[in-house]
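Okay, structure first, notes after.
Side chains included, hydrogens not; waters and symmetry mates left out as well; all remaining heavy atoms used. The shown structure was predicted, so the numbers you read here are calculated from the model rather than taken from an experiment.
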Amino acid sequence: MMNRKSKRINTNLTRKTVFRVVSCFFVIIFLLSLSVSAQKIIQGTDETSQISIPNVPRISETEWRILTDALTAENWDRASFYASGWINRLKVDNETKQIARLRYFYLYSLAGRIFKAHENGKKTDEQVAWRELDKAVEDLIGKEFVLPPREYRSTCEKNLNFICPVKDNEKAFRTSATNKDAKGILSFDYVIFEKKIDLKAYEDNQIFLGGTLKRVEFNDELSNEQPWVMYLIFEKGFVRVIA
């Protein structure tokens, strides 16, 4: 098991603050099942041609809807069950990067289980979810992820569930993924690129960030004063923009 270590952050986020933040619940965005053919693939500052991937197994539209419905309803047990099961079923990723997307949904839904159990005072359920998250992270370090599509904002201030630049790091972007009511942040996501990239040109587009999971940091002091669960840090970042 990983040794969970709380990372103190200088965001001054309290539950009251989170409610005041202008937030767009990102689950509503990623419900769209978009194909790679509808996206422009960007790597660093270079645009690359469409990558040809052999025809491999995929999750059907009906099955995908089961997962997205569970996420929308914040049925975290159901969402984590299906995300985990379908990751194991697919084995090899397909052209729509379903495994890479499922990996994110799996960790996000486990964070949702933790936050919900904490809010309801169910310590045993919270501990069980922490253990599953520990194990999931161990298995997923070094694996490719694709984050849900979001819009870009030029500043992170008061912008949850959007992509924004990391201060003093021109090669990094972050998102802050909340639950539906924006009562807490389930995941701070940091994507680090190998070279500088400018997303301002795509400010009106839905943008997929992706990368390889480098490390995860957890909040062992989850509380009203620290209403967040985890940091996901990705390296070898890439971008896909909905055309």
For Ile99 and Asp93 the tightest heavy-atom approach is N-OD1, 2.9 Å

Would you say the side-chain atoms of Asn219 pair up with the backbone N or O of Pro227, donor to acceptor, closer than 3.5 Å? no

Please determine if Glu126 and Lys116 form a salt bridge, counting it only when a charged side-chain N lies under 4.0 Å from a carboxylate O. no

Residues in side-chain hydrogen bond (donor to acceptor under 3.5 Å, both in side chains) with Ser84, at least two apart? none

For the residue pair Trp76 and Tyr108, is the inter-centroid distance of their aromatic rings smaller than 6.0 Å? yes

Gln206 side chain reached by Glu151 side chain, heavy atoms, under 4.5 Å: yes

Which atom pair, heavy atoms only, marks the closest approach of Ile192 to Ala172? CG1-CB, 4.2 Å

How close do Pro165 and Cys156 get, heavy atom to heavy atom, and via which atoms? O-SG, 3.4 Å

Side chains of Gln226 and Trp228: donor-acceptor distance under 3.5 Å anywhere? yes

Do any N or O atoms from the side chain of Gln98 and from the backbone of Ile59 form a donor-acceptor pair under 3.5 angstrom? yes

Aromatic Phe208 / basic Arg240 pairing, under 6.0 angstrom, 45° off normal: no

Is the backbone N or O of Glu138 less than 3.5 Å from a side-chain atom of Asp134, with the two atoms forming a donor-acceptor pair by type? no

Sorted by chain and number, sequence neighbours left out, side-chain hydrogen bond (donor to acceptor under 3.5 Å, both in side chains) with Asp125 holds for none

Given 3.5 Å as the limit, does a donor-acceptor pair link the side chain of Gln127 with the main chain of Thr124, or not? no

Can you check whether Thr72's main-chain N or O pairs, donor with acceptor, with Lys180's side chain at less than 3.5 Å? yes

Are Leu102 and Leu67 side-chain neighbours, meaning at least one heavy-atom pair lies under 4.5 Å? yes

Main-chain N/O of Thr96 paired to Asn94 side chain as donor or acceptor, under 3.5 Å: yes

Exercise: identify the closest heavy-atom pair between Phe193 and Phe173: CE1-CD1, 3.6 Å

Looking at every non-hydrogen atom in both residues, tell me the closest pair between Ala136 and Tyr106 and how far apart they are. CB-CE2, 3.5 Å

Leu213: side-chain contact (heavy atoms from CB on, under 4.5 Å) partners, not counting sequence neighbours: Leu107, Leu140, Ile141, Phe145, Val216, Leu232, Phe234

Check step by step if salt bridge (charged side-chain N to carboxylate O under 4.0 Å, His left out) holds for Arg103 and Glu144. CA-CA 8 Å; Arg103 288 171 182 147; Glu144 185 181 75; 5.6 Å; no

Value for OG (Ser154) from CG (Leu199), rounded to nearest 0.5 Å, stands at 11.5 Å

Can you tell me if Thr175 uses its side chain to pair, donor with acceptor, with the backbone of Ala177 under 3.5 Å? no

Any side-chain heavy-atom pair of Thr155 and Cys164 under 4.5 Å: no

Passes side chain to side chain contact (heavy atoms under 4.5 Å, CB included), Phe105 versus Thr68? Steps please. CA-CA 9 Å; Phe105 299 158; Thr68 56; 5.5 Å; no

Quick one: do Lys97 and Glu95 satisfy salt bridge (charged side-chain N to carboxylate O under 4.0 Å, His left out)? Show the steps, please. CA-CA 5 Å; Lys97 293 289 186 180; Glu95 73 276 10; over 6 Å; no

Do Asp189 and Tyr104 have side-chain atoms, one donor and one acceptor, less than 3.5 Å apart? yes

Co-membership, hydrophobic cluster, residues Val166 and Phe188, 4.5 Å side-chain: yes

Just checking Tyr190 against Tyr231, ring centres under 6.0 Å apart? yes

Please tell me if the side chains of Leu110 and Trp130 come closer than 4.5 Å, counting only heavy atoms from C-beta onward. no

Using a 4.5 Å cut-off on heavy atoms from C-beta on, say whether the side chain of Pro57 contacts that of Leu90. yes

Is it true that Glu63 and Arg65 have a side-chain N and a carboxylate O under 4.0 angstrom from each other? no

Is the backbone N or O of Arg78 less than 3.5 Å from a side-chain atom of Asn75, with the two atoms forming a donor-acceptor pair by type? yes

For Met230 and Ala111, which heavy atoms make the closest approach, and how far apart are they? CE-CB, 3.9 Å

Reported CD-to-CD1 distance for the pair Glu132 and Ile114, which is rounded to 0.5 angstrom: 9.0 Å

Counting only N and O atoms by type, is there a donor-acceptor contact under 3.5 Å from the side chain of Asn169 to the main-chain atoms of Lys171? yes

Within the structure provided, determine whether Val128 and Arg113 are in side-chain contact (heavy-atom separation under 4.5 Å). yes

